[in-house]
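Because only heavy atoms are used, hydrogens play no part in the values below, and waters and symmetry mates are left out as well, while side chains stay in. Model, not experiment: these values are computed from the prediction.
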Amino acid sequence: MYLLDTNAMLIFLFSKITNATLKMDAKNILVSDSRLFLSVVSLWEIAIKTKIGKLKLGKSIQEVERECANQGIKVLPIKSSYLDALIQLPMFDDHKDPFDRLVLATCLVEEMTLISTDNKMRKKEYGVKVIC
């Protein structure tokens, strides 16, 4: 099972809005595996970044969610067990992003591999397998 972080999902579904790319390993998984998930926290992050002007997607959150469904990506709700796992994650000065931390906690609880473009998510101390 694979959990996409926000940026990986945006690149996969809406590549025209970003200059970033996914590595071949991640691309192969995204086009061939049916066990793809996204945390609802990613939709929340998109909404906040859109509101403050850091992201210009041109799509509503509902449209993003529909596109995820069209591509077979299932959106996971936030569970209290994820929040308990988040409390246990180590905190690093260079990586305090609350969205990233909840995505990592989700991976830990659900025993998922993370697909991300963010090398900060690869810290071995998190205990999450990451494909960057």
Side-chain angles (χ1 to χ4, degrees):
M1 292 190 301
Y2 300 92
L3 185 70
L4 284 74
D5 81 353
T6 307
N7 200 36
M9 179 273 297
L10 289 171
I11 293 167
F12 179 56
L13 298 181
F14 308 105
S15 60
K16 290 180 172 64
I17 67 151
T18 179
N19 293 329
T21 59
L22 295 170
K23 292 188 178 171
M24 193 54 70
D25 288 347
K27 286 180 188 178
N28 289 338
I29 290 166
L30 292 171
V31 298
S32 65
D33 203 295
S34 62
R35 303 165 303 151
L36 303 176
F37 296 86
L38 181 78
S39 172
V40 72
V41 76
S42 291
L43 299 177
W44 180 19
E45 181 178 17
I46 291 168
I48 289 172
K49 287 187 175 183
T50 298
K51 178 64 178 171
I52 64 174
K54 283 191 167 186
L55 179 64
K56 292 181 180 15
L57 185 57
K59 303 225 179 261
S60 71
I61 299 303
Q62 289 179 354
E63 289 172 311
V64 174
E65 187 175 33
R66 273 194 298 275
E67 188 57 31
C68 284
N70 291 342
Q71 295 297 321
I73 301 168
K74 297 160 202 73
V75 177
L76 296 174
I78 298 171
K79 296 179 184 176
S80 58
S81 57
Y82 304 162
L83 301 174
D84 285 335
L86 183 143
I87 292 168
Q88 300 305 313
L89 283 175
M91 183 70 78
F92 297 99
D93 287 339
D94 68 335
H95 194 220
K96 295 182 180 179
D97 183 298
F99 301 111
D100 286 355
R101 295 178 59 74
L102 189 49
V103 165
L104 287 163
T106 302
C107 283
L108 284 172
V109 172
E110 299 295 345
E111 298 179 357
M112 293 180 170
T113 298
L114 179 63
I115 297 177
S116 177
T117 59
D118 186 347
N119 282 324
K120 291 178 184 176
M121 305 277 257
R122 298 182 82 171
K123 294 180 188 292
K124 67 179 177 176
E125 294 88 350
Y126 288 137
V128 173
K129 182 178 177 189
V130 181
I131 297 173
C132 274

Derivation and outcome, side chain to side chain contact (heavy atoms under 4.5 Å, CB included), residues Leu76 and Leu3: CA-CA 9 Å; Leu76 296 174; Leu3 185 70; 4.2 Å; yes
Leu10/Ile46 under side chain to side chain contact (heavy atoms under 4.5 Å, CB included): CA gap, chis, key distance, verdict: CA-CA 9 Å; Leu10 289 171; Ile46 291 168; 3.9 Å; yes
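The cluster map of Ile, Leu, Val, Met, Phe, Trp and Tyr, joined by side-chain heavy atoms under 4.5 Å apart, puts Met9 and Val31 in the same cluster. Neither Ile87 nor Leu104 shares a network with the other; the hydrophobic side chains, linked directly or stepwise wherever heavy atoms of I, L, V, M, F, W or Y lie under 4.5 Å apart, form separate groups for each.
Across Tyr82 and Pro77, no two heavy atoms sit closer than the pair CE1-O, 3.3 Å. Contact detail for Leu108 and Gly127: the closest heavy-atom pair is CD2-O, 3.5 Å. For Cys107 against Val128, the heavy-atom pair with the smallest separation is CB-CG1, 3.7 Å. Residue Asp5 comes nearest to Leu114 through the heavy atom pair N-CD1, 3.9 Å, listed as atom of the first residue, atom of the second, then distance. Across every non-hydrogen atom of Lys123 and His95, the tightest pair is CE-CB, 4.2 Å. Of all the heavy atoms in Ala26 and Leu22, the pair that sits closest is CB-CB, 4.3 Å.
Looking at Tyr126 and Pro90, their side chains come closer than 4.5 Å, going by heavy atoms from C-beta outward. Counting heavy atoms from C-beta on, the side chains of Glu65 and Leu43 come closer than 4.5 Å. By the 4.5 Å heavy-atom criterion applied to side chains, Leu36 and Ile29 are counted as neighbours. Contact annotation: the side chain of Asn70 never approaches that of Leu13 to less than 4.5 Å [non-hydrogen atoms, C-beta and beyond]. Looking at Ile61 and Thr50, their side chains never come closer than 4.5 Å, going by heavy atoms from C-beta outward.
For the atom pair CE of Met121 and CZ of Arg101, the computed distance is 10.5 Å after rounding to the nearest 0.5 Å. We find the CG-CE distance between Asn28 and Met24 to be 6.0 Å, quoted to the nearest 0.5 Å.
For NZ of Lys27, the number of neighbouring non-hydrogen atoms (other residues, nucleotides, ligands) closer than 6.0 Å is greater than 12. Counting heavy-atom neighbours within 6.0 Å of Lys49 NZ, excluding the residue itself, gives a total of 12 or less. Other residues, nucleotides and ligands place more than 12 heavy atoms under 6.0 Å from the CE atom of Met91. Environment of NZ in Lys74: crowded, with over 12 heavy atoms of neighbouring residues, nucleotides or ligands closer than 6.0 Å. Shown here is Glu125, whose CD atom has more than 12 heavy atoms of other residues, nucleotides or ligands within 6.0 Å.
Within the 3.5 Å criterion, the main-chain N or O of Cys132 finds no donor-acceptor partner in the side chain of Arg122.
Applying side-chain contact (heavy atoms from CB on, under 4.5 Å) to Ile73 and the options Phe37, Tyr2, Phe12 leaves one that passes, Phe12. Paired with Asp118 under the rule side-chain contact (heavy atoms from CB on, under 4.5 Å), one option of Val130, Val103, Asp100, Asn7 passes, and it is Asp100.
Judged by the 6.0 Å and 45° rule, Lys59 forms no cation-pi pair with Phe14.
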